[in-house]
Amino acid sequence: MRMTRLHAPTLKEDPKDAEVVSHKYLVRGGYIRKLAAGIYDFLPLATRTIHKIANVVRDEMSRAGAQEVFLPAVQPSEIWVESGRWAYYGPELLRFKDRKGAEFCLGPTHEEVIVDLVRRDVRSWRALPLNLFQIQTKFRDEIRPRAGLMRGREFIMKDAYSFDVDEAAALRSYDSMYAAYERIFKRCGLDFRAVEADTGAIGGSRSHEFQVLAESGEDAMVSCTACQYAANVEQAELPVPTPGEGTFAGAVEKVHTPNQRTIDEVSRFLSRPATSFIKTLIVNADGQLHAVLVRGDHELNEIKLKKKLGAAVVTLAEEAEVRAATQAPVGFAGPVGSLKVASILADNAVRGMVDAVTGANEADQHLVGVNESRDFQVTAFHDLRMAGDGDACPRCGGRLKGFRGIEVGHVFYLGTKYSKSMNCAYQNEAGDDVPMVMGCYGIGVTRIMAAAIEQNHDKDGIVWPVAIAPFHVAILPLQMNVPEVVAAAEKLYEELSDAGVQVLLDDRDERAGSKFKDADLIGLPFRVAIGARALQEGVIELKHRRGGEVVKVPLADAVAHIRGLIA
RNA sequence: CGGGGUGUAGCGCAGCCUGGUAGCGCGCCAGUUUUGGGUACUGGUUGUCGGAGGUUCAAAUCCUCUCACCCCGACCA
């Protein structure tokens, strides 16, 4: 490809609406443009990268026995009503009517469609297992799209669905997808980690996320420094700690804490560590108020709480609800005395706390010297907090280490959640109708592009892994007015292209500096500079974008040398 | 949805407080110059000042309404 023909409008300045590096560089490098919030145009460079990612995905999915299909983006409400998700899915599901008034939605995922397809035609155990996948544009009307491609509303996703005769077979499908995912992300050149995860809205019981390691990632994870355990902090179970042996005979005392609401503020004000605090959170679970206690330095895990309460919706209480429950403004809730709540749940770490600090259920007042069980009773203790750096591993007791990541893949064991509600069954050898056992498997194709950049960039631009770079090598003729330079560049361009190397020739009549800047920004893995001086010596200069090392290569060896780098 | 903020040339911004003929940098076009890390200079091009309504002799500027976008919180590939 010639730069003069390529539609890749590069920008010198960062776009003002971009915050994260991948967003900045994709816009500056002429890869994407925004059409509306969370909706982007993909220009030629981005399109090439997306095709490369998609092809890696296709290749490995096929290898794992999945077959590619292409399902409708527009889906009728009927099947969603049938699965129960028409009511369950919130405003994130973009709904609309056709001219006849029939209701449709833009597919955020395709369980309903695929189950409908499979149940029509698959009747016998002989047809299973079956695994179908597609690479398609999804639409989720996110509350707040952000960070460019990292969280768009419209995005390209690979989704696969497996159908099996029973749980054991379904788990084999799951494992084979898991293995395929590891190959896919590895081939894409990503540094990633598979972690145990919550199943969320899609439902099911077994789940792993594939997380690309990046400080800018939205997700927090922990992994064990001693064993293989790794999990999303929302998911990570924590071992029940042994309660402390200490006792505190002193009485509970009320202290004046004017305007000190947060743990931080009160902790500083009273000169007591956050670990000696009992944080009392008032939550609304399906309309009922509950008090939840966690240690001051810990964070409530709403997902764990939701499961324990068996509630559909759990939110932190509104100010008015807090007042109703505690008779005090927000910031002074505590478990001692009477709380108007349905139950008081506490995290395991609260058991046996002595000489603790809590709110007094009174404006500007806290209590000190509080002992759990002597001064208040909880309804039940559970594992209710987020795991974090330094916690104990639930598997081996080793230390957990925290890290951040970008979720690029997610595999779920679904069981019969959809096959039962939508009546997707096969006949077994005995002639009985049995619901199929399903799994579903997603990969964010456009998100991989962004995640790869978050993980591979420097101050000058993108540093693509070879496998997903839009081109392999950039050729920069540095003096367009020197015929020998242009001729050498053209010749190398021809020869490399013939050898199967994907080349971007910067044939613009620009100064060398501009070409270098744009080449760094666009981020192709290799760069060949052809300059008049070096050409006198019969060499070209080959730069590795990653690491920046420059080697002089005899012009005659250039093709073979570069081919060797790509392979 | 709650809280905060921004809309002025293709991009990044100033002007708004204190109303009076719309500016700067980059880009783009023509040319001179330069020629291995965004060269310098000359000339030129580019605007429903997000939209609607109002106040006023006069509105980018003041008022009201509205739309879009961004950031912080709850969702997910």
Side-chain angles (χ1 to χ4, degrees), chain A residues 9-20 23 27-28 30 33-39 53 57 89-93 108-110 135-160 181 197-202 207 209-212 218-219 232 234 283-284 302-303 306 313-316 318-319 406-412 440-451 460 476-482 485 508-521 527 529-535 541 543 548 550:
Chain A
T10 58
L11 269 25
K12 283 188 184 177
E13 287 167 293
D14 283 338
K16 69 166 175 178
D17 55 3
E19 200 83 350
V20 298
H23 189 191
V27 172
R28 280 192 54 202
R33 289 292 184 261
K34 185 172 69 185
L35 210 217
I39 302 177
I53 296 167
V57 171
Y89 240 98
E92 198 182 308
L93 184 64
T109 175
H110 282 70
I135 294 174
Q136 225 239 19
T137 298
K138 306 280 193 220
F139 192 92
R140 293 183 189 170
D141 200 354
E142 294 279 348
I143 300 162
R144 191 159 88 74
R146 72 182 114 174
L149 258 34
M150 300 258 278
R151 176 172 300 277
R153 291 194 292 175
E154 187 174 287
F155 56 96
I156 299 172
M157 177 173 158
K158 185 284 304 180
D159 48 326
Y181 274 37
D198 180 59
T199 50
I202 294 182
S207 172
E209 290 167 350
F210 288 79
Q211 296 275 357
V212 166
E218 287 187 290
D219 292 332
N232 194 303
E234 295 172 340
V283 301
N284 179 328
E302 289 186 34
I303 291 173
K306 201 163 144 183
V313 183
V314 173
T315 55
L316 275 179
E318 308 279 323
E319 193 174 339
I406 301 161
E407 184 187 1
V408 290
H410 204 150
V411 293
F412 296 87
C440 75
Y441 317 93
I443 288 181
V445 173
T446 39
R447 190 182 272 184
I448 285 178
M449 179 160 75
D460 296 311
L476 275 47
L478 299 181
Q479 298 87 15
M480 293 301 286
N481 55 353
V482 178
V485 168
R508 296 175 302 172
D509 188 13
E510 288 286 339
R511 310 192 74 229
S514 299
K515 294 189 179 187
F516 288 141
K517 288 290 183 188
D518 275 340
D520 286 344
L521 179 61
R527 184 191 83 190
I530 299 182
R533 276 205 300 276
L535 208 53
E541 283 156 320
K543 181 181 167 186
V550 178

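Computed from a predicted structure; not experimentally measured. Excluded from the calculations below are hydrogen atoms, water molecules and symmetry mates; all remaining heavy atoms, backbone and side chain alike, are included. Every chain is numbered from 1 and lettered A, B, ... according to where its sequence line falls, protein lines coming before strand lines.
Looking at heavy-atom distances under 4.0 Å, Ala529(A) makes no contact with the nucleic acid at all. Counting any heavy atom pair closer than 4.0 Å across all strands shown, Asp219(A) reaches a base atom. If you check every strand for non-hydrogen atoms under 4.0 Å, Arg153(A) touches nothing. Across all strands, Asp518(A) comes closer than 4.0 Å to base atoms (heavy-atom distances). Counting non-hydrogen atoms under 4.0 angstrom, Gly409(A) reaches the backbone sugars and phosphates but no base.
A straight line from CD of Glu209(A) to P of C76(B) spans 11 Å, rounded to a whole angstrom. Computed from coordinates, the Arg28(A) CZ to G27(B) P distance equals 13 Å when rounded to whole Å. With rounding to whole Å, Ile530(A) atom CD1 is found 17 Å from U35(B) atom C1'.
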Below 3.5 Å is the cut-off: list the nitrogen or oxygen pairs between protein and nucleotides 45-48 of chain B, distance only.
none

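To the nearest whole angstrom, the two P atoms, one in U61(B) and one in G15(B), are 15 Å apart. Taking atom C1' on both G19(B) and C49(B), the two are 15 Å apart, rounded to the nearest angstrom.
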Check the pair Val212(A) / Arg447(A) against side-chain contact (heavy atoms from CB on, under 4.5 Å), numbers first and verdict last.
CA-CA 10 Å; Val212(A) 166; Arg447(A) 190 182 272 184; over 6 Å; no

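Between Arg33(A) and the phosphate of G10(B), there is no side-chain N or O to OP1/OP2 separation shorter than 4.0 Å. For U35(B), the OP1/OP2 oxygens have no side-chain nitrogen or oxygen of Arg511(A) closer than 4.0 Å. The phosphate of G38(B) (OP1 or OP2) has no side-chain N or O of Lys515(A) nearer than 4.0 angstrom.
With sequence neighbours excluded, the residues forming a ring-ring contact (aromatic ring centres under 6.0 Å, His included) with His23(A) are Tyr40(A), listed by chain and number.
For Asp14(A) against G12(B), a side-chain-to-base donor-acceptor contact under 3.5 Å is absent. Judged by atom type and distance alone, Arg146(A) does not reach the base of C70(B) through any side-chain donor-acceptor pair under 3.5 Å.
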